[in-house]
Amino acid sequence: MVKEKKIKVGVIGSSGFVGEELLLLISQHSQIDLCAISSRELAGKDLTKVFPNLAGKFDLSFSHPEDDIFTNCEALFLAMPHGKSMTMVNKFVDQGIKVIDLSADFRIPDSKVWSDWYGSEHTNKELLSKATYGLVEVNSKAIADSDLVSVPGCYPTASLLGLLPMLKSSAIINNITIDAKSGISGAGRNAVENGLARQIKDNFRAYSVGDHRHYPEIENQISTIYGKELDINFLTHLIPIFRGLYASLYIQTKEANETELKRLYESFYEYSPSVEILKDRTPELSEVINTNKCHISLNSSYNKDQIIIISCIDNLLKGAAGQAIQCFNLMFNFEVNTGLN
C-alpha cells in the first residue's frame with residue numbers, strides 16, 4: 001500500500017550500530033520522512049559528518065533526546081540502552097505517536113523478572129503490560145493494532161524463529177538447548193571500539209554463561225507460545241566476525257521425524273518473506289549477513305528422540321533494525337517488507 005503523504009519519523013538513540021543500521025534502512029524506505037535524530041554525545045553535529053555513508057540521503061543534525069522536535073513525529077524508533085525508554089515513552093504514546101522500542105525495557109512482561117535480570121526497578125509497569133512483542137512471524141495482527149511495540153533481542157529472534165512451528169504444533173517437547181554464536185557488533189559500538197575487536201580477533205569464547213539477559217525473554221516467549229514451562233539451556237558465544245548470529249537448537253522430542261518436521265516448517269513459513277527453510281543443506285552466515293533473512297535447516301541427531309534445528313540471521317537487521325522496520329510497516333498498514341528488499 002502506497003500513501004501519498006509520508007510518515008514523519010524520528011530515531012532517538014541513533015549513534016550506535018543499530019541506530020546507524022536503522023538510518024540506512026529508513027533512507028531506502030519510500031514511505032518515511034525522517035524528521036529528527038538524537039544522540040546525547042553528538043547533539044549539534046551533522047549526521048553525514050558522523051556517518052559519511054549516509055551523505056546525500058539526509059540533511060539533519062543530531063538533537064538531544066528530550067528535544068521537543070520529536071513530539072512532531074508520527075512514529076519513533078527508540079534505540080537506547082536498557083532503562084532509558086521506560087522513562088520517556090509515555091509522553092509520546094499519550095500524544096498518539098507510535099513507538100517501536102529496540103531496547104529490553106518492554107520485552108519481559110513481568111516487572112520483577114525484568115528487575116531481577118537488569119538490576120534496577122522497572123518504573124513503567126503500566127505500559128509494560130500494554131506493549132506488544134514485535135516478533136512479526138507470530139504477532140503480526142497485534143503489532144498492527146499496537147501503539148507500543150518492543151522489538152525482540154537478536155538471540156531470541158533467531159531462537160524463536162527456529163522453534164516456532166514446533167512450539168505451536170502438538171509436538172511433545174521435553175527440553176531445549178540453545179547454543180548460539182554472535183558477531184561482536186551485538187556488544188555495541190562502545191565495546192567494539194574500546195578493545196573488543198582486538199580481543200576477539202582470531203579468538204572464540206563463551207560469555208554471560210548462566211546469566212545472559214536474553215534468557216528470561218526467550219524463556220517467557222517459549223512458555224507462552226508452548227503453553228507451559230520447558231527446561232531450557234542457553235549458552236552464548238562471541239565469534240571473530242563483525243555481524244551475524246548462528247543458533248544451533250537441540251530439541252528433545254518424541255516427534256523427531258525430520259521429513260514430517262520439514263513439511264511442518266515449510267507450511268508454517270509459507271507466507272513469511274523473511275524466513276527460508278533450507279533443503280539438504282545447513283545455513284551459512286554469509287548468505288544472511290546484510291539481509292533481513294532468517295535461514296533455517298532441520299537436521300537429524302545421533303541422539304535418540306532429538307532434532308537439531310539451525311537458525312541464522314544478521315543480528316543488526318533481522319535481529320534488530322530490520323525487524324523494527326517490519327513492525328513499523330505493520331503499524332502503518334504497509335507491506336511487511338517495504339524498504340527491506
Side-chain angles (χ1 to χ4, degrees), residues 135 137-138 152-183 186 204-206 209 212 214-215 217-219 221-223 225-226 230-241 243-315 317-319 323:
L135 191 66
E137 284 75 14
V138 71
C154 53
Y155 284 114
T157 296
S159 302
L160 292 170
L161 289 178
L163 294 168
L164 271 178
M166 286 197 70
L167 294 175
K168 293 183 76 68
S169 74
S170 59
I172 298 173
I173 300 172
N174 296 318
N175 58 70
I176 299 170
T177 294
I178 301 169
D179 182 5
K181 291 91 176 171
S182 173
F204 180 103
R205 70 173 188 234
V209 178
H212 198 289
H214 281 176
Y215 174 81
E217 179 184 345
I218 291 173
E219 191 279 333
Q221 289 299 317
I222 287 177
S223 61
I225 295 166
Y226 187 61
L230 286 170
D231 288 332
I232 302 165
N233 197 12
F234 177 52
L235 184 60
T236 57
H237 309 76
L238 284 177
I239 52 178
I241 61 173
R243 61 198 299 162
L245 193 154
Y246 201 92
S248 300
L249 316 171
Y250 302 85
I251 305 172
Q252 206 68 30
T253 174
K254 293 292 184 181
E255 282 85 1
N257 183 301
E258 188 178 345
T259 301
E260 291 181 7
L261 286 175
K262 280 184 178 178
R263 285 198 290 265
L264 170 68
Y265 272 66
E266 288 168 357
S267 174
F268 188 91
Y269 286 121
E270 183 179 2
Y271 301 107
S272 298
S274 293
V275 182
E276 182 178 352
I277 308 303
L278 303 185
K279 298 179 180 179
D280 304 319
R281 66 187 181 93
T282 53
E284 298 185 28
L285 277 178
S286 61
E287 295 181 348
V288 298
I289 286 174
N290 293 313
T291 80
N292 202 54
K293 290 286 189 180
C294 175
H295 283 183
I296 296 172
S297 72
L298 290 90
N299 313 272
S300 57
S301 170
Y302 292 112
N303 293 344
K304 184 182 178 183
D305 298 331
Q306 185 181 76
I307 191 78
I308 302 170
I309 299 173
I310 298 173
S311 172
C312 72
I313 61 172
D314 185 316
N315 58 299
L317 287 172
K318 185 58 177 170
Q323 189 157 222

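Values in this document were obtained by computation on a predicted structure and should not be read as measured data.
- The heavy-atom pair separating I218 from S159 by the smallest distance is CD1-OG, 4.2 Å.
- The two residues P273 and K293 have their closest heavy-atom pair at O-NZ, 2.8 Å.
- For F204 and H237, the ring centers sit closer than 6.0 Å to each other.
- With contacts defined as side-chain heavy-atom distances shorter than 4.5 Å, the pair T291/L317 does not qualify.
- Looking at D305 and N174, their side chains never come closer than 4.5 Å, going by heavy atoms from C-beta outward.
- The two residues A206 and L235 have their closest heavy-atom pair at CB-CD1, 4.4 Å.
- Contact check for C294 versus S311: side-chain heavy atoms found under the 4.5 Å cut-off.
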Any chance you could lay out the side chain to side chain contact (heavy atoms under 4.5 Å, CB included) test for L160 and I222, step after step, and finish with the verdict? CA-CA 7 Å; L160 292 170; I222 287 177; 3.8 Å; yes
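- A distance of 12.5 Å separates NZ of K279 from CG of L298, quoted to the nearest 0.5 Å.
- Note that CD of E276 is 13.0 Å distant from OH of Y269, once rounded to the nearest 0.5 Å.
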Would you check, one step at a time, whether the test side chain to side chain contact (heavy atoms under 4.5 Å, CB included) holds for I310 with L278? CA-CA 10 Å; I310 298 173; L278 303 185; over 6 Å; no
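- The shortest side-chain heavy-atom distance between I296 and I309 falls under the 4.5 Å cut-off.
- Looking at E266 and K262, no side-chain N of the basic residue comes within less than 4.0 Å of a carboxylate O on the acidic one, giving no salt bridge.
- When all heavy atoms of Q306 and S301 are compared, the closest pair comes out as OE1-OG, 2.6 Å.
- In this structure, Q323 and P152 approach most closely via the heavy-atom pair NE2-CD, 3.7 Å.
- With rounding to the nearest 0.5 Å, the separation of CG in L245 from OG1 in T236 is 9.5 Å.
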Assess the residue pair Y155 and S182 against the criterion (side chain to side chain contact (heavy atoms under 4.5 Å, CB included)); give the C-alpha distance rounded to whole Å, side-chain angles, the decisive distance to 0.1 Å, and a yes or no. CA-CA 8 Å; Y155 284 114; S182 173; 3.0 Å; yes
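- A 4.5 Å side-chain heavy-atom check between Q221 and L167 finds every atom pair outside the cut-off.
- Side chain of E217 to backbone of G153: a donor-acceptor contact under 3.5 angstrom is found.
- For the pair Y265 and G162, the tightest heavy-atom approach, listed with the atom from each and the gap, is OH-O, 2.6 Å.
- Here the CG atom belonging to N299 is positioned 6.5 Å from the CD1 atom belonging to I308, to the nearest 0.5 angstrom.
- Interatomic distance, I277 CD1 to E270 CD, rounded to the nearest 0.5 Å: 11.5 Å.
- Side-chain contact check for L163 versus Y226: every heavy-atom pair is 4.5 Å or farther apart.
- Between the side chain of Q252 and the backbone N or O of K304 there is at least one donor-acceptor pair closer than 3.5 Å.
- Counting heavy atoms from C-beta on, the side chains of M166 and I307 come closer than 4.5 Å.
- Atoms CG and CZ, from D314 and R243 in turn, are 4.0 Å apart once rounded to the nearest 0.5 Å.
- Counted within 6.0 Å of CG on N175, heavy atoms from surrounding residues, nucleotides or ligands total more than 12; the atom is thus considered enclosed.
- Residue pairs meeting the salt bridge (Lys or Arg N to Asp or Glu O under 4.0 Å) criterion with at least one member in residues 168-179, sequence neighbours excluded: D179-K181.
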Verdict with reasoning, L161 to K318, per side chain to side chain contact (heavy atoms under 4.5 Å, CB included): CA-CA 11 Å; L161 289 178; K318 185 58 177 170; 3.8 Å; yes
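- Residues P283 and E287 are not in side-chain contact: their nearest non-hydrogen atoms beyond the backbone lie 4.5 Å or more apart.
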